[in-house]
Amino acid sequence: MPKRLFRDFDHTLAFLSVSKALENKWRRRDVVSFIEEWTGRSRLELARDELERGALSYGLKYEILDELALTVEDMVGDIVRGIDPDFDPVRNQLRPDGNTGKIRNIALLCIRHQILGHVVKLGIEPLLRARLLPTQHASIPEKGQTGLARQVKRMLNRKLGIQYAIKTDCTGAYASVQYSVITDIFRKEIPRARWIFPCMRILERYAPGGHLIIGGYLDAWLFNFVMSYALRYVLTLNKSRRGNRVPLVIRAVTFMDDLLLLGRNRRALLVAVERLKEWMFDNFGMSLHATTDPLRIFSIEEEKARKHRHGAGRGCPAVDMGGYLIHRTYITLRKRNAPKIIRCFDRAWAEYKRTGTIKRQRACQIIARNGMVKNSNSFILSEKHHAAELMRVARRVQGYWSREANRKRKEYIFNVIAKHEINVRALSCFDG
């Protein structure tokens, strides 16, 4: 009997979807307004409960989630019957990427739109678990840049005969993948999941251009789902040599739209890229191009021999992926990332020596960038630029501002309650 690759929609799935969509968002004002509109509970009730217990109690959260789950059940039922849920239009906001400087077009979705994305994701979760591969890293829990770097390093050190690497990228990746294409795949993979297809049509209708959007929770999973097919295809490519089938690609790794191919032969990797380029355009409309020439990776002996050299002579060819330069025996920082981290640490150290503390924004930068230093072989950089001392200062600064945020939150709650009491007194005087 074939394995069931989808979940039926029921109250439990609706409850879980609302819980995931509102996780860590209970203090946001748009979420409070949404709760007021769809459950009838006032923000005064939420404020009093939070003031009494220090945070929203589990019992109140459960009641709210249960009520919202009933609303979601009605919404999905209407969608299946062909009734438009009337979501707010998707708003786009241009935001600069702090690492690359690119301007990203981020989509801002209304709460119900976000919840529907979580509903579909939970419905297709068995299919995602069956299709996503261990070599996919971006936007997947417990995976990321560090896991990618460690996995590629392990691949290079195994006895797989890997000698060359090539990196590819997709131009306008999200804008190239249409919801209708993914829906057609679902019809083949899970034809009995009839409630998912109308939900996908609604998401397609409200998505600008009918394609995946940057900023959507479901969209990141759907793009990884599409890339899993590309990975499986490229790993099946082979050539015939003396009557035997020789794979063109030994290993393939993705970090969202970046694809890394590892193999034994330079020419074989170029052929694999051309075939994959044609296949992805024909099946998904995606434009793939190689961002690097096939790179020959030094052996362990060659890398160790270069450690005794000085200056540029120490350098070795490396796989540039996920912000790291990955060698067989060590991992370093990407060339353009290291100067940024050094400048950040040096400015923070000078400010700390001058004032005895650092600003909040600089503390956030220190905490965010220390991970790359910690998870690479950047021991000299860490010691020379005082990474450990700055992290201790940054944590203390963040602790102070967390306490300030809690204090302001209490002031806001007091103001909500006081405003309500003033309105009650005014109404009582008017009635008198």
Lys359/Glu351 under salt bridge (Lys or Arg N to Asp or Glu O under 4.0 Å): CA gap, chis, key distance, verdict: CA-CA 8 Å; Lys359 296 179 180 178; Glu351 182 181 353; 5.2 Å; no

Between CG on residue Leu218 and CD1 on residue Ile182, distance to nearest 0.5 Å: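 So the gap between those two atoms works out to 8.0 Å.
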
Nearest 0.5 angstrom please: Arg43 CZ to Ile413 CD1, how far? 12.0 Å

Should we count [atom1] of [X] as having more than 12 external heavy atoms under 6.0 Å?
X	atom1	answer
Arg241	CZ	no
Gln361	CD	no
Arg267	CZ	no
Lys153	NZ	yes
Arg194	CZ	no
Glu389	CD	yes

Arg343 to Phe345, cation-pi by 6.0 Å centre distance and 45° axis angle: no

Taking the six-membered ring of Tyr412, is NZ or CZ of Arg409 closer than 6.0 Å to its centre and within 45° of its axis?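 No cation-pi geometry.
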
Begin with the C-alpha distance, continue with both residues' side-chain angles, and end with the deciding distance and a verdict on side chain to side chain contact (heavy atoms under 4.5 Å, CB included) for Val246 and Asn238. CA-CA 5 Å; Val246 180; Asn238 58 75; 5.9 Å; no

Taking only residues at least two apart or on different chains, which pairs with a member in [range] satisfy salt bridge (charged side-chain N to carboxylate O under 4.0 Å, His left out)?
range	answer
residues 288-301	Arg296-Glu302
residues 203-225	Asp84-Arg205
residues 177-190	Arg131-Glu189
residues 19-33	Arg27-Glu50, Arg28-Asp30

Parallel, tilted or perpendicular: ring planes of Trp195 versus Phe9, cut at 30 and 60 degrees: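 Judged by the thresholds at 30° and 60°, the geometry between Trp195 and Phe9 is tilted.
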
Check whether any side-chain heavy atom of [X] lies under 4.5 Å from a side-chain heavy atom of [Y], and answer yes or no.
X	Y	value
Asp10	Asp8	no
Leu260	Leu148	no
Ile35	Trp26	yes
Leu160	Leu262	no
Trp349	His385	no

Show your reasoning for whether salt bridge (Lys or Arg N to Asp or Glu O under 4.0 Å) applies to Glu125 and Lys121. CA-CA 6 Å; Glu125 195 168 32; Lys121 190 269 173 181; 3.0 Å; yes

Qualifying residues under salt bridge (Lys or Arg N to Asp or Glu O under 4.0 Å), relative to Asp49, sequence neighbours excluded: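 Expected list: Arg53.
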
For Trp401 and Arg360, work out which heavy atoms get closest and say how close.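 Distance-wise, the nearest heavy atoms are NE1-CB, 3.3 Å.
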
Check Pro126 against Leu5 and note the closest heavy-atom contact, atom names and distance.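 Minimum heavy-atom contact is CB-C, 3.6 Å.
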
Are Phe223 and Phe284, when compared by the centres of their aromatic rings, separated by less than 6.0 Å?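 They do not qualify: ring centres at least 6.0 Å apart.
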
Under a 3.5 Å threshold, yes or no: a donor from one side chain and an acceptor from the other, between Arg369 and Asn337?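 Looking only at side-chain atoms, Asn337 and Arg369 do not form any donor-acceptor pair under 3.5 Å.
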
Step by step, work out the side chain to side chain contact (heavy atoms under 4.5 Å, CB included) result for Thr71 and Thr39. CA-CA 9 Å; Thr71 305; Thr39 66; 5.8 Å; no

Is the backbone N or O of Asp320 less than 3.5 Å from a side-chain atom of Arg334, with the two atoms forming a donor-acceptor pair by type?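 Such a contact is absent between Arg334 side chain and Asp320 backbone.
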
Determine whether a donor-acceptor pair (N or O, by modelled atom type, separation under 3.5 Å) exists between the side chain of Arg201 and the backbone of Tyr179.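 It does not hold such a pair.
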
Under the side chain to side chain contact (heavy atoms under 4.5 Å, CB included) criterion, do Val253 and Met155 qualify, and how do the steps go? CA-CA 10 Å; Val253 183; Met155 290 177 179; 3.7 Å; yes

I would like to know whether Phe225 and Phe186 meet ring-ring contact (aromatic ring centres under 6.0 Å, His included); could you show each step before the answer? CA-CA 11 Å; Phe225 177 71; Phe186 287 168; 5.6 Å; yes

Please collect all ring pair (Phe, Tyr, Trp, His ring centres under 6.0 Å) contacts where either partner lies in residues 110-148, sequence neighbours excluded, each pair once.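 Residue pairs passing ring pair (Phe, Tyr, Trp, His ring centres under 6.0 Å), neighbours aside: Phe87-His113, His118-Tyr217.
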
